[in-house]
Structures are given as C-alpha cells and as structure tokens.
Novice: 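Starting off with a structure, shown below.
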Amino acid sequence: MDYDLLKGLTDAQCEAVEHIDGPMLILAGPGSGKTRVVTHRIANLLQHGVRARSILALTFTNKAADEMRQRLDRLAPGEPVWLGTFHRFCARMLREYAALAGLQQNYTIYDTSDSLATLKRAIEAVELDATHYTPQQLASAISWAKNNLITPDQYEARPGNVTGAIVAKVYPKYQELLKHSNAVDFDDMLMHVALILRDSPEVRAELDARYRYILVDEYQDTNLAQYAIARAMSIDYPNLAVTGDPDQSIYGWRGATLNNILEFERDYPEVHVVRLEQNWRSTKKILRVADALISHNRRRKAKDLFTDNDEGVPVRLITYASHHDEAEGIAAQILGMIQSGKRQPKDIAIFYRINALSRTYEAALRDEGIPYQLVRGVEFYQRKEIKDVLSYLLLANNPRDDNAFLRVINTPARGIGRSTIDKLVEHATSRGLSLLDAAREAGMIAGLAKKSAVSVAKFVGLFDRICVHVLRPLEELLGHVLSETEYQDMLKDSEDPDDQDRLANIEELLTAAREFDERHPGDGHLEEFLEQTSLVADTDDWDSSSDRVTLMTMHAAKGLEFPVVFIGAVEKGLIPHERSEKDDAQMEEERRLLFVGITRAKERLQLSLAKRRDFRGRSGYTIPSPFLFELPRDEMEMEERGDLWQSDDSGDFDEPSFDIDEFEDRTPKQIGKSIAGIRLMTAADLAGEPATEDANADDFHQGMIVRHPEYGLGKIVALSGTFRNRKATVDFFASVGQKTFVLAASPLKPVRS
DNA sequence: ATTCGCAAAGTTTTT
DNA sequence: CTTTGCGAAT
C-alpha cells in the first residue's frame, strides 16, 4: 500500500480508498472530501494492478468529470480511466451498438428544443385534439416514461387518465419520428443502453467484463434507467462503488429516485458501507444551520455532520425593502469586502432559485464595477444562430435528420416557404424517404411549382458543396457553411442590434471549433464535435480560476464551494418554488436544494429576502420562505433594512441595527460580454481598454475581404490550423476562384471595408 | 413568401 | 417582463 495515497485521510476515508473488490456505498456528507476519496481510490486500484481501461467512473455533470480528471491526473497521470457523464458514456455505447437500438451509428442527439419540435410534429401527425395539453406536458410525461424504461408499446394510460391516453397515442409516433430521423433525445440515450443491456445477454456480459470496476458519483441523483445500466454491468464483476448523499438529491424532477441510494443496501446485501460525516469545508455555525434545516426532512438517512473547523461568524439573514435594495445591498457588501482586501471576487458567490432572478444581481454588480461571471440557463449552443449553423453540420453527418433539414432548408431565407415544405413532407412521408432525399427528387414531385423545385434543387446543390468538406477540420468546415449560406452577410446589414451579438456568437463558435481542432488533430471528427456540442451544459463553462464573483442557481452550485456565499430571494413561492408547495416530497426536495446552497459556504453565509419584489412584470409583497423558520436563531444574526413596510407582519425579525455602508466611487456601467454561454467582464472591460490584438494571423477573419498582389480582391471562405500552420481558403471572385494559402507565408493583406 | 405587429400566454431546476 | 404564436398586410 502506497503511503502517499492515504496520507492525511481520516479512518473512514482510508476505508473507502482501500476498498477494492465488491460493492461499496459511500455516504458522503457535504464537504466531506468525497472527490478526494474517489480519486484516491481510483489511484489505489491502479496501484493494485487494475487496468485503467477496466475502470469506469460515471458522473452527473461534465464539470464534475473534469474536476475528477484533473485531480486524478495529479495522482496517476495519463491513465486511460473512462471518466465522464452517464450521457456521454451512453452516447459512446450507442455508437457501438446502434443497430441493437434500431439506429445507425451516426445518429443525432436532439436537445430539448429539437425533441419538442419533433413532438409537435408527432402531435400533428396523429391529429389529436391536444388543445388542453401543452406539448411540454406531453414531453415530460414521455420523459418520465423513458426514465422508467417504459417503451412506447408498453405505455398504457391508467384508466380515467386523460393525459395518459393522449400520451399513449403520441409517444409511439414521436418515437417513430425519432427513429426515422436516426435521432435520439436525452432520455433515449439512457433508455436504449439500458434496454440493450437488458435484452442482449452477450452485450451485457461483454460490458460487465470490460468495465470491471464501476464508480457512480452523485448516486442520489440517478434515475431508474441509470440504475439499470450500472447494475447490469455489475453482475459478473460486482465491483460497483457509489457515492452520494440523500440530502443532496435535487433532481427528482428529472426522474431521479432516492430509492436507488436508500435501497442500495437491499440490492447488494454484502455491501460495504462507509460514512463520511466529517466536514472540512464550513464553519460550525454554518454547518449547524444546514443541519437544523435538513433535519426537518422525514425521508432521509440521519447523519451526524460534524467539523473541527472554527466556530465562525453567525449566519446572516437580512430582509431588504425591495429586490432592488437586496441586490444593491449585496453588491455593496461585496465591494466592501474586495476593497478592504479581505476577499477576492472569486471567493464570492451569489445563488438563487431560478435563473430569471439573476438580472437584478447582475445589474447591481455591474453598477459597482464588480467583475462577475454568470452561469446562465440559456446555453450557448441553444442560440438560434448557433443552431442554424450547426444544423448544416448535423444534416451533413446524418442526412436523415429531418429536424435539421427543416431548420436549414430556408435559413437564411431562400424563398422556400410553407407550401413547398408541406409538399416535400408529404412526398417524403408517402415514400418513406428522408426529407433530404425527397428534396433531391423535387423536380419529380407533382404539384410543386417549377420555381419552387428550382429553389429546392439549388439548396441541395449548396448543401452538397458543403458536404465535400466533411472530413476537413471543423473550423474550416464551418467556414464553408458560412460562406455558402452567406449567413454572416445576412446579419451584417441587419438593423436589428441583436444581430451584432449574433455575429459575435458565430465568431465564438468558430473559436470553439478551432479549439476542438487543436485537441483533435487529423480528419473526420465531425461526429465527435457534434456530440460534444449536444452534451455540454452551461455550468460546464464555469471557470474557477478567473477572479470574478460567481452567479448561479443552487442546482448549478452543487459540488462547488466558496468562502463567501449569498443566497438571495429566500421567499415563499421561490424557495420552495410555488410549483412544489403542494407536494410533500417536492417540498423536501426544495429543502434539500437550500441545504445544498447553504453547505457551499466555507466561512460566511448570508441569506436574504426582499419585502417587495418585481417578478413576472408585476410588483408584489413577498412572504418569507417557511424554511427560514426552521433555522436556529441562536446561530444567526437577523436584520431588517429599509422601512417600506410599516407593520411588522412577519413578526420575526429584529429592528435594523446598522446602516448600509455608502460607497462613493462608482465606476461607470459596464456591459457584459457574451462568451460561450457565460456573460463575463474582462479586466480590460473594467479598465476601459480595448483588447490589444497582434497584427498577425489573427487579423484574418471568416468572411473578410483580402487583397492578393496577383489575384486581386478575394473573400476568405474558410480558415483552419493555428500559428504558422494557419491556412485560409480565399475566393477570388473576379479572377482565379478559390485558392488556399498558409497565412504566414502569403502576401495577403486585409482590406478594411 | 416574408415580414410585421399585436395578442396571449407562460413562466424551475438540466443531461 | 419576455417569449411565443398567430394573423394580416405587403
């Protein structure tokens, strides 16, 4: 046994690290060093001669996987342990065993909006009267079914359940459309793999043997499908180790079932259980507040959280007059901490229940000139312009992807309208063709105007020209898409100011593609790139190293820690969310969510609420969250700021005890920048300096006009490579057509237009 | 076929 | 308040 791996660990931690064969359940409280234990255990397995390739570590988020990868690399550099999210793992397995799920290996992963669009087509196709049900409702019913491994043909409505009856009709059609498009939704990835494992003993045995040591992180957040997958691969080699904390289960709405962790000991009677209850993160006061709150949950395994850390300062609960005051008050405090030199921006986080609340906090931080990064709900890859452009690649990779086809056929507008598309759809449906194949036969479709047929044929030609480059680096391929479609030109001369942002986002996409190319040298990585774009989440872009205040939802905060934490809007209807109030189980989940938020704090924690809050465009009085009354008042310091409320209805807060500090020196408002799904302010923004640029290969951009001494003016069609290898394909429209240059050695000059 | 404008609706959390 | 959807006008 290597001494280093156990150094500085508690007995319980050592016990978990040294465990090798057989099932293990690690019940890990917040801040108990779980990631450390898991990574050390993997290193220990490797030291005991377990082959890296037979270890599979499944996490819930990419962020957690990255963190684990980094820490493992320090212990065991370069070991090819398979480490990633459930979804990514399933994506890989599904490529390998696509046929068993009735798919081709180049299948497309639909995100939520794609699958909703498909569902709408399904609803239309079965011609139901679904006026009383939103597609979202049907979507979540289908999602629930898939998470519980109920296939379309198994789905039966419970008698008298009207929604269920509709789902029973739409679900099969929806699934048929997905299959016809050679596509899967997020839930399918899990369901297909779980069913393959269930129905194919050979595959199951093979994967069981391939991955002899399986670790599942955040086990409390797994759903039935994920459970089935982990379980099926741990029969011949039952070395399944799961880590989790029932008190941090916050994904019940996504099908996660606490049963998986609460009943793990029943599934594996010989399980080795390790409890990590010592907290290394928070002060005693913070931990006691958290513990008092969570002890109000009934459905849980009681835990004895304790810490040897300092007592710490009291947890603060502040009531502000308005949401505006709240945000300004928090920003003022943050500014004070930073100016006094006690804290750096990166030490501080603001959490809230829903993304919609971020705006006010953002504005206040901006007004104070405090740098921040917002982990936001609307993801970069969900943006219209990004999806538009990527859809060309999706279609190139999977020509049967009807959704992608519908998206690109008339974007940018090329005169192919509703009636033409309807005819294409009809033609495709009657012959069982994909829409793209139907489009190839446009000339033969009866009733299609000649003009329309020509437009469609031109589109097909354009698309085929793009496809020529599918094996090229991604940046170059994207360049060809942009050039052929003139997507940027469409935005350039637009009046809409948002379109300038869109152009910037497209540049950002090109940058992402370039970075991908750097990581994946060689040809033909389109499919990997597309998979990556489908499976990244907003929280993955959170950058722990940049010195900024973090703004995020409590869900996104899971697994992170900050010296100073503010939790805003602790009000009834928000936390707990109004849609959870009716149901006890959901209320408990809301309580756990707040518990997660509280336990992120290491030294200082402030909860706050506003008496009045503008929300949904309306201003109204708020009610304090019922959870606040469950907190131990002797650990806390309560304070009321502002006096817009005359009466003392809430009755539970002391009078104001001190004033808000005033800060004179306010920097001018700064505008956040949008980068890969995160709005952030750079140091340059703060200093008011423009970013400096090297007058080099970086001077050339997609779509730029350049001059060549011999060929004259041309336009950059595509770019690829880096540094000295950076190449540009230029179209000299007036002379020789397309040429490719190595920029460093070329006489090309940018032309300012 | 596209664009514009207005009305209505709907607001959680994310792979 | 924002986004989405629909209908009418060009």
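So that the names make sense, note that chain A is the first sequence line, chain B the second, and so on, each numbered from 1.
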Novice: What pairs of nitrogen or oxygen atoms, one from the protein and one from nucleotides 2-8 of chain C, lie under 3.5 Å apart?
Specialist:
{"from": "C:dG5", "atom 1": "OP1", "to": "A:K120", "atom 2": "NZ", "distance (Å)": "3.2"}

Novice: Between A:T112 and A:I354, name the one whose nearest nucleotide on DNA chain B is closer to the 5' end.
Specialist: A:I354
Novice: Identify, residue by residue, the members of residues 449-459 of chain A with a heavy atom below 4.0 Å from DNA chain B, and return them in order of residue number, or none.
Specialist: none
Novice: Can you list the residues that meet the salt bridge (Lys or Arg N to Asp or Glu O under 4.0 Å) rule with A:D111, with sequence neighbours excluded?
Specialist: A:K387
Novice: Provide, to the nearest angstrom, the distance between the CD atom belonging to A:E578 and the P atom belonging to B:dT12.
Specialist: 9 Å
Novice: How close or far is atom P of B:dT12 from atom CG of A:D583, stated in whole angstroms?
Specialist: 17 Å
Novice: When A:Y110 is tested against each of A:D188, A:D401, A:T118 for side chain to side chain donor-acceptor pair (under 3.5 Å), which residue passes?
Specialist: A:D401
Novice: Check the distance between B:dT13's C1' and A:L593's CG and give it to me in whole angstrom.
Specialist: 7 Å
Novice: Distance check needed: B:dT14 P versus A:H577 NE2, whole Å only.
Specialist: 12 Å
Novice: Round to the nearest Å and state the distance from A:E218 atom CD to B:dT13 atom P.
Specialist: 19 Å
Novice: Return the set of residues passing side-chain contact (heavy atoms from CB on, under 4.5 Å) with A:A225 (not counting sequence neighbours), or none when no residue passes.
Specialist: A:L149, A:L190, A:N223
Novice: Of all residues at least two apart in sequence or in a different chain, which pass the ring-ring contact (aromatic ring centres under 6.0 Å, His included) check with A:F595?
Specialist: none
Novice: Taking ring-ring contact (aromatic ring centres under 6.0 Å, His included) as the test, write out the residues that go with A:F529, two or more places apart.
Specialist: A:F516
Novice: Please classify the nucleic acid contact of A:T420 as base, sugar-phosphate, or nothing, using heavy-atom distances under 4.0 Å.
Specialist: sugar-phosphate
Novice: Do the numbers put A:K146 on top of the ring of A:Y171, so that NZ or CZ is under 6.0 Å from the six-membered ring centre and no more than 45° off the axis?
Specialist: no
Novice: Taking the cut-offs as 6.0 angstrom to the six-membered ring centre and 45 degrees off its axis, would you call A:R414 and A:F459 a cation-pi pair?
Specialist: no
Novice: Indicate, yes or no, whether a donor-acceptor pair under 3.5 Å links the base of B:dT13 to the side chain of A:R254.
Specialist: no
Novice: What integer distance in Å separates A:F60:CZ from B:dT15:C1'?
Specialist: 7 Å
Novice: Please name all residues satisfying side-chain contact (heavy atoms from CB on, under 4.5 Å) with A:N106, sequence neighbours left out, ordered by chain then number.
Specialist: A:Q104, A:N182, A:N397, A:N398, A:P399, A:E527
Novice: Can you tell me if A:T553 touches the phosphate of B:dT14, counting only side-chain N or O atoms and a distance under 4.0 Å to OP1 or OP2?
Specialist: yes
Novice: When you measure only distances, ignoring hydrogens and angles, does the side chain of A:W253 come within 3.5 Å of the base of B:dT12 through a donor and an acceptor?
Specialist: no
Novice: Assign A:N410 to base, sugar-phosphate, or nothing according to its heavy-atom contacts below 4.0 angstrom with the strands shown.
Specialist: sugar-phosphate
Novice: Got a sec, which residues hit ring-ring contact (aromatic ring centres under 6.0 Å, His included) with A:F463, two or more places apart in sequence or on another chain?
Specialist: none
Novice: Under 4.0 Å, counting only non-hydrogen atoms across every strand here, what does A:R418 touch: a base, just sugar-phosphate, or nothing?
Specialist: sugar-phosphate
Novice: Would you kindly give the CD-to-P distance between A:Q137 and B:dA9, to the nearest whole Å?
Specialist: 14 Å
Novice: Quick check: on DNA chain B, is the nucleotide nearest A:T85 upstream (toward 5') of the one nearest A:Q136, or the reverse? Name the residue that is more 5'.
Specialist: A:Q136
Novice: Quick one: is A:S419 getting a side-chain N or O under 4.0 Å of the B:dA1 phosphate, OP1 or OP2?
Specialist: yes
Novice: Applying salt bridge (Lys or Arg N to Asp or Glu O under 4.0 Å), can you list everything that pairs with A:K34, at least two apart in sequence or on another chain?
Specialist: A:D217, A:E218
Novice: With C1' as the reference atom in both, quote the distance from C:dG5 to B:dT12 in angstrom, rounded to an integer.
Specialist: 23 Å
Novice: Determine: side-chain N/O of A:N62 to OP1/OP2 of B:dT15, distance under 4.0 Å, yes or no.
Specialist: no
Novice: Could you tell me how far apart A:L357 (CG) and C:dC1 (C1') are, to the nearest whole angstrom?
Specialist: 13 Å
Novice: With a 4.0 Å cut-off on heavy atoms, is A:Y251 in touch with a base, just the backbone sugar-phosphate, or nothing at all?
Specialist: sugar-phosphate
